[in-house]
Amino acid sequence: MNFSELVDVAELQSLCESFTAITGAVTAVLDLDGNILVATGWQDICTKFHRANPMTCLRCRESDTILASQLKQGQPYNVYQCKNGLVDVAVPITIAGEHVANFFTGQFFFKTPDKTYFMRQAKEFGFDQEAYITAMERAPVFSPEHVQSMMQFFTQLAKVIGEMGLAQLRSQQANAELR
């Protein structure tokens with residue numbers, strides 16, 4: 001089942017952009033092959049440093065894979081601290097009972113980050129330390145309660161996306177039968 005054929009990705013991108021503008025929370029939707037279909041508000045610490053460096057990018061991909069693989073059927077979401085030090089959360093999107101994509105938020109901290117840890121990481125990976133620490137300081141800190149509230153919204157949104165995808169799937173099947 002192809003997520004992009006069942007859900008209007010451009011509309012979902014627009015909706016997520018609005019959510020990010022209101023809350024400052026990052027969003028992303030990835031299919032099960034890891035293709036990024038929607039991305040909004042990604043933090044500089046991730047885009048300009050972690051995902052730009054081959055070694056830390058491997059950590060990002062590994063973290064994405066671990067986060068997504070830990071989603072169990074019926075589990076509403078999974079929280080994970082990535083190997084580069086930030087928190088990510090994934091919500092499964094299912095259509096007709098089939099897990100077809102994941103909704104992500106993240107690139108935040110639960111508490112003020114340990115500056116020393118990130119200074120060591122800057123040195124280890126050859127990042128411009130001042131720019132890296134500035135990017136770290138711009139990443140939001142959300143309380144676990146705030147994240148739980150966001151996840152209530154995201155789990156409901158994932159359900160609605162799945163229902164829209166199911167309606168589109170049924171429409172495609174009905175059209176095929178009519179032909």
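For the side chain to side chain contact (heavy atoms under 4.5 Å, CB included) criterion with Phe3, the lone passing option out of Leu32, Asp33, Ile93, Asn35 is Ile93.
In terms of heavy-atom proximity, Val91 sits nearest to Ala158 at CG1-CB, 3.6 Å. The shortest non-hydrogen separation linking Ala52 to Thr47 is CB-O, 3.8 Å. Contact detail for Pro92 and Asn102: the closest heavy-atom pair is CA-OD1, 3.5 Å. In this structure, Lys83 and Gln121 approach most closely via the heavy-atom pair O-OE1, 4.1 Å.
Of the N and O atoms on the side chains of Gln156 and Gln152, not one donor lies less than 3.5 Å from an acceptor on the other residue. Side-chain atoms of Thr40 and Thr27 include a donor-acceptor pair closer than 3.5 Å.
Residue pairs meeting the ring-ring contact (aromatic ring centres under 6.0 Å, His included) criterion with at least one member in residues 155-179, sequence neighbours excluded, do not occur. Within the structure, ring-ring contact (aromatic ring centres under 6.0 Å, His included) pairs that include any residue of residues 4-30 comprise Phe19-Phe153, Phe19-Phe154 (at least two apart or interchain).
Residues that satisfy the side-chain hydrogen bond (donor to acceptor under 3.5 Å, both in side chains) test with Asp114, not counting sequence neighbours, are absent from this structure. Partners of Arg170 by salt bridge (charged side-chain N to carboxylate O under 4.0 Å, His left out), not counting sequence neighbours: none found. Scanning for salt bridge (charged side-chain N to carboxylate O under 4.0 Å, His left out) contacts around Asp44 gives Lys48, Arg138, with sequence neighbours left out.
When atom types are taken as modelled, the side chain of Asp88 and the backbone of Gln107 share a donor-acceptor pair closer than 3.5 angstrom.
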With ring-ring contact (aromatic ring centres under 6.0 Å, His included) as the test, would you mind laying out the steps for Tyr132 and His50 before giving the verdict? CA-CA 10 Å; Tyr132 185 62; His50 298 156; 5.6 Å; yes

Could you tabulate the donor-acceptor pairs under 3.5 Å formed by side-chain atoms of residues 172-179, not counting sequence neighbours?
{"from": "Gln172", "atom 1": "NE2", "to": "Glu5", "atom 2": "O", "distance (Å)": "3.1"}
{"from": "Asn175", "atom 1": "ND2", "to": "Ser171", "atom 2": "O", "distance (Å)": "3.4"}

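Checked against the 6.0 Å centroid threshold, Phe125 and Phe118 do not count as a close aromatic pair.
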